Structure formats: C-alpha cells, structure tokens
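Below is one structure, written out as structure tokens, with a few remarks after it.
Below, chain A is the first sequence line, B the second, and so on; all start at residue 1. Note that the coordinates shown come from a computational prediction; the quantities given were computed from them, not determined experimentally.
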Amino acid sequence: MRLDNMLIAEGVAGPEKGGGAGAAANASAAASGGPGQPENTIEHSDYRAKLAQIRQIYHQELDKYEQACNEFTTHVMNLLREQSRTRPITPKEIERMVQIIHRKFNSIQVQLKQSTCEAVMILRSRFLDARRKRRNFSKQATEILNEYFYSHLSNPYPSEEAKEDLARRCSITVSQVSNWFGNKRIRYKKNINKAQEEANLYAAKKAG
DNA sequence: TTCAATGATTCATG
DNA sequence: CATGAATCATTGAA
C-alpha cells in the first residue's frame with residue numbers, strides 16, 4: 001500500500017505487525033537543484049520534533065481504534081453466545097461477523113493513515129520551502145551587489161563569471177546573485193524615481 | 001502590530 | 001536555460 005510506505009518512509013508508522021512484505025521505498029527526494037543546501041541541524045531537529053508529535057498522535061489513535069475494535073468484537077460475541085441458546089449459530093456465522101467488524105474498523109484506520117499522511121506532507125512542504133528560512137544579506141554584501149548594479153546600469157546582466165566573482169565576494173551562492181539581480185532589475189524599473197536616489201548615491205560613491 | 005523591503009519560488013516566454 | 005513578472009513568506013523599522 002502506498003500510504004503505508006509513505007508513513008514508514010517518514011518514520012511515522014512502524015512495520016506492520018505480522019511481518020508485512022516490505023516494499024522498496026522509492027526515494028522521491030527530488031533535489032531542488034538550486035541552493036537547497038542541507039543547512040539544517042536546528043531546522044531539522046525542529047522538523048523531527050513535529051514529526052514525532054504526529055507519530056505519537058497517530059499511534060495513540062491507532063491503539064484507540066484497535067481497543068475499540070476488540071471491545072466491540074467481544075461484545076458481539078457475547079450477544080451471539082446468548083442467542084445460541086435460542087437458535088443454532090454456526091461457527092461460520094461467527095467468523096463472518098468478526099470479519100465484518102474488522103473490515104469496518106480497518107476502513108477507519110485507513111482514513112487515519114490518510115489524514116496522517118496529509119499532515120506529514122504539509123509539514124514537509126513547509127520545511128522544504130526556502131522562503132520560510134529567508135535571511136537578509138549582510139550590509140557589505142548588498143553594498144557590493146548595488147555597486148555592481150549601478151555601475152553597470154546600462155546593462156545590469158552580469159556574466160556567469162561575474163556572478164561567481166560577486167558570489168564569492170558576498171559569501172552567497174551564484175543562484176542568490178541571480179535572484180538578487182532578477183529582483184533588482186524589475187524593482188528598479190518599477191519605480192525609477194526612488195531608485196534614482198540610490199543610483200546617484202552609488203555614482204557619487206564611485207567617484208569619491 | 002502594521003507595513004515596506006527583501007530574498008526566494010513559480011510560471012510564462014523566447 | 002536565462003529572464004521578467006507575479007506572488008509568497010519573512011524581516012526589520014515605524
């Protein structure tokens with residue numbers, strides 16, 4: 001079942017009791033290619049804490065259902081035993097009854113797995129989104145980038161080498177340099193008036 | 001707490 | 001694939 005694999009892969013659900021056949025977990029770890037560096041440690045432990053919380057709730061609910069299922073089963077068995085005094089009841093009939101009950105509770109558990117799976121997916125996407133870990137660049141870094149931008153205002157498109165150089169000097173990645181220039185260009189164009197002050201500022205700085 | 005600035009992502013284009 | 005545009009999510013100052 002896909003749901004089980006998913007939950008197991010996230011460490012939410014343990015192996016099925018009774019020794020289910022273990023299916024190969026296909027790693028869907030699509031490396032984002034970009035600056036998705038595994039710069040965790042703190043972030044990651046936070047992630048795992050929340051994952052553990054989900055796991056705890058999951059097992060809690062699972063136990064609850066299992067217990068309820070057992071209770072209900074014995075209850076029904078007792079009823080059947082009473083009835084057996086007034087009419088014949090075959091073992092087949094009892095077995096069928098038990099199966100029906102188990103199927104019902106099983107479908108409830110599937111729902112539980114589904115909602116747990118959903119919660120894990122949401123948690124994952126939230127932690128995978130780098131926009132949530134945004135930090136502003138250092139003052140000097142923006143200084144360097146602005147200096148380049150305004151001294152190449154007629155053609156603010158740094159070559160790959162220039163990007164690498166800027167990245168090195170700013171202690172950021174080339175992707176971040178590209179992002180910065182992408183944002184800068186469009187935001188400069190958006191209101192030239194205000195940006196003009198900045199342009200003058202950097203022009204003066206260069207002259208001085 | 002509000003809000004502009006800002007870094008990152010998504011989507012369309014060529 | 002690089003870019004522009006729109007949008008998202010966080011930061012930092014008012």
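- If you measure from atom CG of A/Asn146 to atom C1' of B/dG7, you get 14 Å, rounded to the nearest angstrom.
- Atom-to-atom, CZ of A/Arg126 to P of B/dA8 comes out at 19 Å; the value is rounded to the nearest Å.
- What separates CD of A/Glu143 from P of B/dT6 is a distance of 13 Å, to the nearest Å.
- In this structure, A/Arg185 atom CZ and B/dA8 atom C1' are separated by 15 Å, rounded to whole Å.
- Atom CZ of A/Phe181 is separated from atom C1' of B/dT6 by 15 Å (rounded to the nearest Å).
- Between the CZ atom of A/Arg131 and the C1' atom of B/dA5 there is a distance of 17 Å, given to the nearest Å.
- Straight-line distance from the CZ atom of A/Arg187 to the P atom of B/dA8: 11 Å, rounded to whole Å.
- Mapping A/Glu160 and A/Lys189 onto DNA chain C by nearest heavy atom places A/Glu160 closer to the 5' end of the strand.
- Applying the salt bridge (charged side-chain N to carboxylate O under 4.0 Å, His left out) rule to pairs touching residues 168-180 of chain A yields A/Asp165-A/Arg168, A/Asp165-A/Arg169, sequence neighbours excluded.
- Distance alone, capped at 3.5 Å, places no donor-acceptor pair between the A/Asn106 side chain and the A/His102 backbone.
- Partners of A/Lys64 under the side-chain hydrogen bond (donor to acceptor under 3.5 Å, both in side chains) rule, at least two apart in sequence or in another chain, are A/Glu61.
- Regarding A/Phe137, its CZ atom lies at a distance of 5 Å from the P atom of B/dG7, rounded to whole Å.
- Looking at A/Gln114 and A/Glu118, their side chains never bring a donor and an acceptor atom within 3.5 Å of each other.
- Base engagement by A/Asn183 is indicated by at least one non-hydrogen atom pair under 4.0 Å involving a base atom.
- The shortest distance between the side-chain N/O atoms of A/Gln176 and the OP1/OP2 oxygens of B/dG7 is not below 4.0 Å.
- Contact footprint of chain A on DNA chain C: nucleotides with an atom under 4.0 Å from a non-hydrogen protein atom, first to last in 5' to 3' order, C/dT3 to C/dG12.
- Aromatic ring orientation, A/Tyr148 versus A/Phe181: perpendicular (interplanar angle above 60°, classes split at 30° and 60°).
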Problem - Test log, rule side-chain contact (heavy atoms from CB on, under 4.5 Å), inputs A/Glu66 and A/Phe105 - result: CA-CA 8 Å; A/Glu66 195 142 332; A/Phe105 275 90; over 6 Å; no

Problem - Steps toward side-chain contact (heavy atoms from CB on, under 4.5 Å) verdict (A/Cys170, A/Val177) - result: CA-CA 9 Å; A/Cys170 296; A/Val177 173; 5.9 Å; no

